[in-house]
There are 2 protein chains.
Amino acid sequence: MRPQQPEIMTPRKEEIYQVAARLFQEKGYRATSVRDLARALGLKPSSLYSHIGGKEEILRKICFDNAERFLEGIGRVEAMQQASAAEQVRALIRLHIEVALHDITSLTVFNDEWRHISEPWLSAFKAMRRDYERRFRQIIERGIEAGEFKPLNPHTILYTILNAVRWLHYSHPAKRDITPQQLERDLLTLLMDGLLKEPQQ
Amino acid sequence: MRPQQPEIMTPRKEEIYQVAARLFQEKGYRATSVRDLARALGLKPSSLYSHIGGKEEILRKICFDNAERFLEGIGRVEAMQQASAAEQVRALIRLHIEVALHDITSLTVFNDEWRHISEPWLSAFKAMRRDYERRFRQIIERGIEAGEFKPLNPHTILYTILNAVRWLHYSHPAKRDITPQQLERDLLTLLMDGLLKEPQQ
DNA sequence: CCTACCGATCGGTAGG
DNA sequence: CCTACCGATCGGTAGG
């Protein structure tokens with residue numbers, strides 16, 4: 001279901017994907033035309049099609065690449081066998097900050113434009129998202145059962161954390177005068193102290 | 001700059017706006033055609049134009065109505081002269097939950113589709129948003145200065161809260177088995193305990 | 001990577 | 001609220 005990709009991209013193709021991501025982020029996928037993309041690259045619209053299969057192929061790659069990044073990340077977190085649930089949630093929050101700082105443009109498109117993927121890929125994408133959220137929620141539920149976390153509704157906890165970090169990019173313009181380290185420390189304080197029964201001092 | 005509106009809407013016009021909001025939410029503004037809207041209403045596309053001025057007029061009304069709802073809300077919060085900063089932030093979180101539960105469709109369009117507003121309205125809309133965020137941030141800063149809140153970066157605090165509650169609608173499907181009261185209590189616990197220096201027991 | 005071009009769809013108007 | 005229609009733009013293809 002996932003479009004098989006050769007993983008080898010020519011520099012030109014890399015550039016096309018990067019410029020497209022920026023345009024999708026700025027104007028939205030539907031409002032970005034193939035002509036907009038061609039113009040931004042200094043090409044005629046038809047010339048794009050020797051590099052790409054179509055407009056949607058770009059969107060799919062961006063969305064699936066990010067989905068895989070998060071799924072790999074949560075796999076590593078789950079593999080932390082000795083870790084408490086609190087340490088695992090902390091690692092997941094760090095994962096989201098990391099991905100956001102790594103390529104905020106691509107992450108924004110992933111977050112905001114995925115619904116324009118057509119079937120059958122859309123269903124595959126949604127399944128990956130559901131899988132990620134289910135696994136995140138399981139970690140939260142284990143933390144509650146272990147008495148580490150407050151006995152709040154696991155869905156509410158999950159989506160509060162996810163929304164706070166998922167749309168980190170909306171606060172990006174305001175992040176000029178803050179280091180990634182400060183951002184991480186403050187975010188972890190806010191979210192973990194709210195979650196933990198006995199916040200550490 | 002704000003499009004003056006007669007505030008009196010015929011039932012038919014109300015219906016058009018409501019159906020449009022639902023389509024904008026489901027497919028996005030750009031992906032919703034005037035023909036889609038007409039079909040959903042059982043009309044010919046051209047017939048819409050005796051009720052509305054154009055497609056974008058609907059989007060503008062939805063966005064400005066919600067912006068005004070939030071600005072009125074923060075005005076009431078600022079008027080709570082005796083209140084601590086903590087009580088004011090709590091009231092603002094409640095305001096977001098209230099708006100989300102009141103009309104989640106309209107709020108979703110406001111949050112996700114505003115960028116498709118054209119100038120000069122777009123600038124007016126952005127100014128309203130900036131104003132809201134500035135006033136919210138001032139309350140946070142007063143809480144820090146008063147020693148109520150942890151001395152974290154005010155921007156990080158603001159956007160963590162805002163992102164957590166602003167995209168409340170993404171967790172809406174999961175809210176089936178939780179009452180608004182439980183949702184409010186859990187959200188306030190998570191966010192306020194993270195923020196307060198000395199969380200109340 | 002180009003010229004030339006396709007059918008489909010877009011938001012919207014004229015006139016009744 | 002309709003029929004009839006507009007110019008503009010859409011994603012994409014043929015053929016070189």
Side-chain angles (χ1 to χ4, degrees), chain A residues 3 5 8-63 109 112-122, chain B residues 3 5 8-63 109 112-122:
Chain A
Q5 35 170 2
I8 294 127
M9 295 226 290
T10 63
R12 190 56 165 159
K13 196 169 176 180
E14 292 271 20
E15 191 194 356
I16 292 173
Y17 275 80
Q18 210 176 318
V19 171
R22 212 194 58 231
L23 290 175
F24 292 170
Q25 176 192 23
E26 285 169 7
K27 316 168 51 141
Y29 174 75
R30 292 296 291 238
T32 302
S33 67
V34 172
R35 283 155 179 83
D36 289 333
L37 178 55
R39 196 181 314 118
L41 288 158
L43 292 175
K44 297 296 171 185
S46 59
S47 305
L48 279 170
Y49 289 87
S50 40
H51 295 100
I52 60 165
K55 183 187 168 189
E56 198 191 309
E57 185 191 273
I58 302 176
L59 177 65
R60 281 199 300 267
K61 175 154 177 52
I62 294 170
C63 290
V109 174
D112 296 349
E113 307 298 333
W114 60 265
R115 66 171 148 178
H116 297 112
I117 298 171
S118 64
E119 295 292 359
W121 301 279
L122 181 60
Chain B
Q5 36 169 359
I8 294 127
M9 295 227 291
T10 63
R12 191 55 165 160
K13 195 168 177 181
E14 292 271 19
E15 191 194 357
I16 292 173
Y17 274 81
Q18 209 176 318
V19 171
R22 212 194 59 232
L23 290 174
F24 292 169
Q25 175 192 23
E26 285 169 7
K27 317 169 50 142
Y29 175 75
R30 292 296 291 236
T32 303
S33 67
V34 172
R35 283 156 180 82
D36 290 332
L37 178 56
R39 196 180 314 117
L41 287 157
L43 292 175
K44 298 296 172 185
S46 58
S47 305
L48 280 169
Y49 289 87
S50 39
H51 295 100
I52 60 165
K55 183 186 169 189
E56 197 191 308
E57 185 191 273
I58 302 175
L59 177 64
R60 281 199 300 268
K61 174 152 177 53
I62 294 169
C63 290
V109 174
D112 296 350
E113 308 297 333
W114 59 265
R115 65 172 148 179
H116 298 113
I117 298 172
S118 65
E119 295 291 0
W121 300 279
L122 180 59

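Keep in mind the model is a prediction, meaning the values are calculated, not measured.
- Looking only at side-chain heavy atoms (C-beta outward), A/Arg30 and B/His116 stay at 4.5 Å or farther from each other.
- Pairs passing the salt bridge (Lys or Arg N to Asp or Glu O under 4.0 Å) check and including a residue from residues 42-53 of chain A, sequence neighbours excluded, do not occur.
- One finds the OG1 atom of A/Thr32 at 10.0 Å from the CD1 atom of A/Ile58 (value rounded to the nearest 0.5 Å).
- Side-chain atoms of A/Leu41 and A/His51, non-hydrogen and from C-beta on, never get closer than 4.5 Å to each other.
- Remark: side-chain polar atoms of A/Tyr29 are paired, donor with acceptor, to backbone N or O of A/Glu56 under 3.5 angstrom.
- Listed by residue number, B/Thr32, B/Ser33, B/Val34, B/Arg35, B/Ser46, B/Tyr49, B/Gly54, B/Lys55 are the residues of residues 29-57 of chain B with a heavy-atom contact under 4.0 Å to DNA chain C.
- The environment of A/Glu26 atom CD is dense: over 12 non-hydrogen atoms of other residues, nucleotides or ligands sit within 6.0 angstrom.
- In secondary-structure terms, DNA chain D builds stems of at least 3 consecutive Watson-Crick or G-U pairs, each pair having both distances under 3.5 Å, at C:1-16 with D:1-16.
- One finds no salt bridge joining B/Glu57 and B/Arg60 here, because no Lys/Arg side-chain nitrogen approaches an Asp/Glu carboxylate oxygen to under 4.0 Å.
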